[in-house]
Amino acid sequence: MVIKKFIGKTEEEATAAAKKELGESLVIMNVRQVNPKGIFSFLKEKQVEVTVALEEEREKTRLERGDAERKAVQQVAKVVEQKGLLLNAQNNASSIEQKLDSLQTLLEKQLKKNEAEEQEKQDRQPGKVAVEEKKDDPAGQTAEPAVEDPKAEEERRKSREQEKFIRLLYNTMIENEVDEKYANQILEEVDKSRKPNTPFDYILANIYQKIVLNFGKSEGITPAQSGPKVVFFIGPTGVGKTTTIAKLASSFVVGEKKKVALLTADTYRIAAAEQLRTYAQILEVPFQVIYSPEELVEAVEGLKEYDYILVDTSGHSHRNEEQLSRMKEYLEIMEEKAQTQAFLVLSANTKYKDLLKIADNYKEIADYQLIFTKIDETTTLGSLLNVKLHMGTPIAYVTYGQNVPNDIECFNPQKTVKQLLGGKA
Ligand SMILES: Nc1nc2c(ncn2[C@@H]2O[C@H](COP(=O)(O)OP(=O)(O)OP(=O)(O)O)[C@@H](O)[C@H]2O)c(=O)[nH]1
Ligand SMILES: [Mg+2]
């Protein structure tokens with residue numbers, strides 16, 4: 001992994017410089033304004049600093065360029081880890097920085113505590129230690145151990161420390177309900193690439209970055225090149241589809257001054273349609289109940305000047321094939337007539353096994369991105385990573401409360417990974 005900073009007049013300029021040097025596959029980790037320093041600094045323009053990271057393969061070639069560069073990379077990694085990493089400026093910068101700042105300290109403290117506990121255990125079992133000592137030294141010649149190579153011994157010691165550190169991160173991930181399979185996969189890669197002199201903070205930054213890259217990026221709802229973008233929200237009952245639509249609609253209408261219309265194909269419950277109608281009234285946007293795929297096409301025809309048409313669907317059991325295939329009809333007919341996107345809404349507190357089944361079943365009807373709701377109701381976010389890696393489909397938004405419009409944000413992998421590695425929420 002390479003972590004590097006680029007400066008430009010704008011974020012775009014700095015990113016372009018980074019891409020020129022490191023290629024397209026880089027990941028933007030932090031964007032911040034930097035104030036000019038020195039005399040007459042008030043005459044200079046403000047600049048934007050973009051911190052970027054580069055994946056494994058490229059890192060190898062770059063690291064081969066020599067010690068000087070490696071040192072620089074380690075230094076930057078350290079600074080980045082200390083200062084905190086951010087996806088974009090809209091997030092609460094200071095709080096995320098604080099969280100990252102404390103992560104390393106927290107892990108080191110935990111490590112020391114584990115060591116102390118281990119030591120205590122051994123002290124309490126003198127018999128066991130004695131046996132082990134004997135095993136190591138069958139001839140009983142411990143008085144003057146032959147030190148073959150102090151350097152090699154030191155390297156072994158460091159390597160053992162690193163292993164403990166990696167094990168601690170592994171346990172933290174498992175506690176956060178990351179599937180063992182994925183935790184192993186990620187940590188094995190890191191384990192292979194470490195050297196005895198790799199510092200802890202570099203290992204941590206490497207694991208952190210790997211999981212961020214595993215999460216990938218999502219642009220969420222994007223505007224259509226022409227005409228309206230028709231966006232479907234699908235998913236099981238009660239996960240928060242309608243509430244999420246209201247939150248997103250509100251941010252488009254109020255925040256971005258976009259023209260939004262709301263449709264509902266949820267005709268199973270009168271209350272469901274009424275819920276969305278109420279939000280439409282508050283936002284003063286058109287609303288319509290749809291009873292068939294043909295009606296959907298007609299409604300969209302009449303909303304050509306709109307930017308976003310958000311379509312609510314009825315929640316149902318993912319095992320209900322009849323309803324699923326009906327939903328598929330809606331999506332298919334619309335794909336031919338307009339630009340569409342689909343979002344599978346999942347609740348973060350649904351059981352892992354069920355999440356995978358739901359995600360698999362809905363894949364039959366649409367090529368969706370993910371929205372995770374109710375992350376305020378769970379303390380473990382492992383399922384976000386598990387479902388992402390199982391499906392290979394990005395997470396676009398997360399919601400964290402019942403308040404419309406506030407309790408939603410674009411998914412921020414950095415923040416989630418920080419939590420998965422033991423940082424506080
Ligand atoms: N705690 C919490 N509650 C939420 C969140 N999102 C939605 N809810 C609540 O979850 C309940 C169900 O939300 P709805 O939006 O009606 O869910 P739905 O998926 O449309 O449900 P159906 O239409 O019945 O399938 C409501 O009480 C919401 O207020 C969230 O992020 N956190
Ligand atoms: Mg609903």
Side-chain angles (χ1 to χ4, degrees), residues 166-190 207-218 220 233-241 243-244 313 315-321 323-324 327 342-402 407-425:
I166 293 174
R167 161 103 357 222
L168 176 68
L169 288 170
Y170 175 83
N171 289 341
T172 315
M173 284 166 78
I174 299 301
E175 267 168 34
N176 277 306
E177 294 182 10
V178 172
D179 189 322
E180 269 178 42
K181 179 171 71 180
Y182 300 129
N184 276 319
Q185 220 166 285
I186 292 160
L187 295 180
E188 264 169 27
E189 275 178 50
V190 173
I207 292 170
Y208 174 85
Q209 182 57 16
K210 223 166 234 41
I211 310 177
V212 170
L213 287 168
N214 269 316
F215 266 125
K217 272 190 293 190
S218 160
F233 294 82
I234 55 178
T237 33
V239 288
K241 295 180 295 297
T243 315
T244 303
T313 64
H316 48 71
S317 156
H318 59 281
R319 289 185 295 257
N320 188 327
E321 289 188 7
Q323 280 179 329
L324 275 174
M327 188 99 71
F343 290 86
L344 175 64
V345 185
L346 294 173
S347 164
N349 59 23
T350 302
K351 270 204 318 243
Y352 173 38
K353 265 194 188 160
D354 291 337
L355 281 176
L356 296 189
K357 276 205 193 103
I358 295 164
D360 280 337
N361 282 1
Y362 277 93
K363 202 70 192 175
E364 312 262 309
I365 66 160
D367 197 11
Y368 55 73
Q369 293 182 42
L370 295 165
I371 296 178
F372 271 93
T373 59
K374 310 195 186 187
I375 62 166
D376 55 307
E377 288 183 357
T378 177
T379 49
T380 55
L381 294 182
S383 356
L384 272 67
L385 183 66
N386 298 338
V387 177
K388 158 67 183 67
L389 290 177
H390 178 74
M391 298 310 300
T393 184
I395 303 171
Y397 304 98
V398 291
T399 78
Y400 44 85
Q402 294 182 295
D407 295 341
I408 187 164
E409 65 184 19
C410 294
F411 173 62
N412 180 335
Q414 278 82 352
K415 194 165 148 185
T416 307
V417 175
K418 165 73 181 40
Q419 263 174 273
L420 291 180
L421 293 177
K424 285 197 195 82

Check against side chain to side chain contact (heavy atoms under 4.5 Å, CB included), Leu355 and Thr350: CA-CA 6 Å; Leu355 281 176; Thr350 302; 3.6 Å; yes
So, do Leu356 and Val387 sit near enough that their side-chain heavy atoms are less than 4.5 Å apart? yes
Close side-chain approach of Leu324 to Glu364, heavy-atom, < 4.5 Å: no
Can you tell me if Ser347 uses its side chain to pair, donor with acceptor, with the backbone of Lys374 under 3.5 Å? no
Are side-chain heavy atoms of Tyr170 and Ile186 found at a separation under 4.5 Å? no
Could you note down all residue pairs passing side-chain hydrogen bond (donor to acceptor under 3.5 Å, both in side chains) where residues 381-396 supplies at least one of them, sequence neighbours left out? Asp360-His390
State whether the side chain of Thr399 and the backbone N or O of Ile408 hold a donor-acceptor pair below 3.5 Å, judged by distance alone. no
Minimum side-chain heavy-atom gap Val398-Leu384 below 4.5 Å: yes
Not counting sequence neighbours, which residues clear ring-ring contact (aromatic ring centres under 6.0 Å, His included) with Tyr368? List them please. none
Taking all non-hydrogen atoms of both residues, which atom of Leu346 and which atom of Pro236 are closest, and how far apart? CD2-CD, 4.5 Å
Quick one: are Leu344 and Leu370 in side-chain contact, heavy atoms under 4.5 Å? yes
How about Leu381 and Phe372: do any of their side-chain heavy atoms sit closer than 4.5 Å? no
Minimum heavy-atom separation for Gly220 and Phe343, please, with both atom names. C-CZ, 3.8 Å
Between Leu389 and Gln185, is a side chain to side chain contact (heavy atoms under 4.5 Å, CB included) present by the stated rule, with each step listed? CA-CA 11 Å; Leu389 290 177; Gln185 220 166 285; 5.6 Å; no
Mind jotting down which residue pairs meet the salt bridge (Lys or Arg N to Asp or Glu O under 4.0 Å) criterion with at least one end in residues 173-185? Sequence neighbours excluded, please. none
Looking at Phe215 and Pro413, what are the two nearest heavy atoms and their distance? CB-CB, 3.9 Å
Pairwise side-chain contact, Asn176 with Gln419, heavy-atom cut-off 4.5 Å (strictly under): no
Looking at Gln369 and Ser218, what are the two nearest heavy atoms and their distance? OE1-OG, 2.6 Å
Taking the side chain as every heavy atom from C-beta outward, state whether Cys410 and Tyr397 have any atom pair closer than 4.5 Å. yes
